[in-house]
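All of these numbers come straight from a predicted model, not from anything done at the bench. Labels below follow one simple rule: chain letters A, B, ... track the order of the sequence lines, proteins then strands, and each chain is numbered from 1.
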There are 2 protein chains.
Amino acid sequence: MDQATALFGEAGYRGTSLREIAARCGLSHPGLLHHFPTKESLLLAVLEHREEVDREGLATGAGLLSGLVDLVGRNAERRGIVELFTVLSAEATAPDHPAHGWFADRYRRIVAELEAAYAEARAGGDLHPDVEPATAARQLVALMDGLQIQWLLGDPEIDMAAAVAAHLRQQGHHGRTGPEDAASDQG
Amino acid sequence: MDQATALFGEAGYRGTSLREIAARCGLSHPGLLHHFPTKESLLLAVLEHREEVDREGLATGAGLLSGLVDLVGRNAERRGIVELFTVLSAEATAPDHPAHGWFADRYRRIVAELEAAYAEARAGGDLHPDVEPATAARQLVALMDGLQIQWLLGDPEIDMAAAVAAHLRQQGHHGRTGPEDAASDQG
DNA sequence: GTCTATACATCGATAGAC
DNA sequence: GTCTATCGATGTATAGAC
C-alpha cells in the first residue's frame, strides 16, 4: 500500500499500472491481485488508510483550526501524501471515477467539521464577527488544496503552513479559546 | 480542439485516447494525427488556445483583482473549462508530465501579475496595509483553484465568485482605485 | 486530407500449476 | 500465496492507398 500510495500520487489512478505497483513490492501483478481483488479496491484501501492516519491526533472543535496549520506543516515534509490527495481529488472530479463518491463524502464531512469549528470560534470571540462559518469553511479547504497544487507544481519552498496561518489571522482567529482567557493561554 | 478540451477535462490527459477525440470529430485517429502530430502537441495546443481566450478582456493592474471575480463567475457556467485546468494542473504536478513546464510557467506568471496588482491596490489605499502582496497573490490563486475542486466534486451550487469576492473584501479590497475617489466610483 | 490496415506495447483480469 | 501464461481490449503511432 505504501508503493501504491506513492504511484497513485505520482501518476494518478489511471496513470498507474498494477504491474508497476507489484514490481516495486517484489511480486507479480497476479500476486498483488490476490490481496486486492481489483485495482479499484486497492485505491479505496489506500485512501481509507491514509485518511485514518491523518485524522488521528487531530483536534476537534475550535482547536481544529489551529491543528490544521500543524497538519499542513507536517505535510510539507511528506510530498507523496500531498501528491496522492491533490492528484486523486482532481481526477475523482469525473462522476464515473472509482473514488468520486469517496472524495465527495470526504469534502462534505471536512467542510461540515470546519464550519462547526468556525462557529465555535466565533461564539468564543476568537473570530471576526462578520466571518460566515459556512463560507470560511469552504475557503479554508480551498486554500489548503490550492496551495498544495502550487507547492507541488513548481515551488517547494513556499510555506503552506504560514500562508494558512496568515489566512486564519486575517479572519481574526488567534488560536485562543476566547478573549476572556487569552492571558493564561498565551503564557 | 473543443472535443479534446472536453475530454481532457473529463478524464485527464492520460485518461483520454486519441481514438475517442477523433471519433467525436467524425474522423479516424490517424486523421486527427494529421493535424496534431502527437497527442502531446494536441494537449499544448488546447492549453494555449484556452489560455489565450481566457486572458483577453481581462484587466491589468489593480483592476485585475475585481476582474478575476467576474472571470470566476463566468467559469461557473463553463464546467468543461474548469475541468480542463483543474484536472490537468493536478496531473501536471508530476515532473515528467508533458504539460508540467507549461503549468509551472503559467503559475509563476499569474502569481507575479497578482502580486503586482495587490501592490498597486495597497499603494492606492485599497487594501489592508498588513496584507503582503506576495502572500496574498498565492492565497488568491490557491483559493480559486481549491474552490473549483469543491465545485466540480460535489456541489455545483456553491458560489465561487461570491467566495472569492468575500476573500478580497476581507483583505480590505473594495474594487476602487483608491479612497480619494471612492464616492465617484460608488455612485 | 482522410482513410484502412497494422505494428507493437501495455493494460486489468483470469486460469491453472505449484 | 505466488507464480507463468494468456485473454481481450486499448493505447500511440506509422505505412501506404486514394
Side-chain angles (χ1 to χ4, degrees), chain A residues 1-50 80 83-84 87-103, chain B residues 1-50 80 83-84 87-103:
Chain A
M1 284 178 52
D2 286 345
Q3 303 297 338
T5 299
L7 281 169
F8 285 151
E10 290 169 21
Y13 175 73
R14 292 187 171 108
T16 300
S17 72
L18 292 175
R19 281 177 168 85
E20 186 164 1
I21 300 171
R24 292 204 189 182
C25 303
L27 45 76
S28 62
H29 80 273
L32 176 61
L33 285 173
H34 171 77
H35 302 277
F36 302 93
T38 66
K39 188 185 182 185
E40 180 177 339
S41 70
L42 174 57
L43 170 65
L44 294 178
V46 165
L47 289 174
E48 289 289 354
H49 177 247
R50 288 311 324 175
E83 282 176 332
L84 180 74
V87 174
L88 287 185
S89 63
E91 195 181 18
T93 274
D96 62 339
H97 191 280
H100 179 82
W102 191 88
F103 272 102
Chain B
M1 283 178 51
D2 285 345
Q3 303 296 339
T5 298
L7 282 169
F8 284 153
E10 290 169 22
Y13 174 73
R14 292 187 172 110
T16 301
S17 72
L18 292 175
R19 279 181 167 86
E20 187 163 1
I21 300 171
R24 291 204 188 182
C25 303
L27 45 76
S28 63
H29 78 272
L32 177 61
L33 286 172
H34 172 76
H35 303 277
F36 302 94
T38 68
K39 188 185 181 183
E40 180 177 339
S41 70
L42 173 58
L43 171 65
L44 295 177
V46 164
L47 290 174
E48 289 288 355
H49 174 67
R50 289 310 323 175
E83 282 176 332
L84 179 75
V87 174
L88 288 184
S89 63
E91 195 181 18
T93 275
D96 62 339
H97 191 281
H100 179 82
W102 191 87
F103 272 101

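- Note on H34(A): a side-chain N or O is less than 4.0 Å away from OP1 or OP2 of dG1(D).
- Contact between the side-chain N/O atoms of H35(B) and the OP1/OP2 oxygens of dT2(C) is found at a separation under 4.0 Å.
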So L32(B) and Q3(B), side-chain contact (heavy atoms from CB on, under 4.5 Å) or not? Walk me through it.
CA-CA 12 Å; L32(B) 177 61; Q3(B) 303 296 339; over 6 Å; no

Show the numbers, then the answer: is there a side-chain contact (heavy atoms from CB on, under 4.5 Å) between R50(A) and L88(A)?
CA-CA 13 Å; R50(A) 288 311 324 175; L88(A) 287 185; over 6 Å; no

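- Crowding of H49(A) atom NE2: a count of heavy atoms from other residues, nucleotides or ligands under 6.0 Å not exceeding 12.
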Report, as a single string ordered 5' to 3', how protein heavy atoms within less than 4.0 Å touch nucleotides 11-18 of chain C: B base, S sugar-phosphate only, - not at all.
BBBB----

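- Annotation: side chain to side chain donor-acceptor pair (under 3.5 Å) contacts of E91(B) (sequence neighbours excluded): none.
- Rounded to a whole Å, the CZ atom of F36(B) is 13 Å from the P atom of dG1(C).
- Between the P atom of dT14(D) and the CG atom of L32(B) lies a distance of 13 Å, rounded to the nearest Å.
- The CD1-P distance, from I21(B) to dA13(D), rounds to 11 Å in whole Å.
- Within 4.0 Å (heavy atoms only), G15(B) reaches no atom of the nucleic acid at all.
- In this model, the phosphate group of dT2(D) is not approached by any side-chain N or O of S28(A) to a distance below 4.0 Å at OP1 or OP2.
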Show your reasoning for whether side-chain contact (heavy atoms from CB on, under 4.5 Å) applies to L47(B) and F8(B).
CA-CA 10 Å; L47(B) 290 174; F8(B) 284 153; over 6 Å; no

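- Residue A94(B) comes nearest to H100(B) through the heavy atom pair O-ND1, 3.3 Å, listed as atom of the first residue, atom of the second, then distance.
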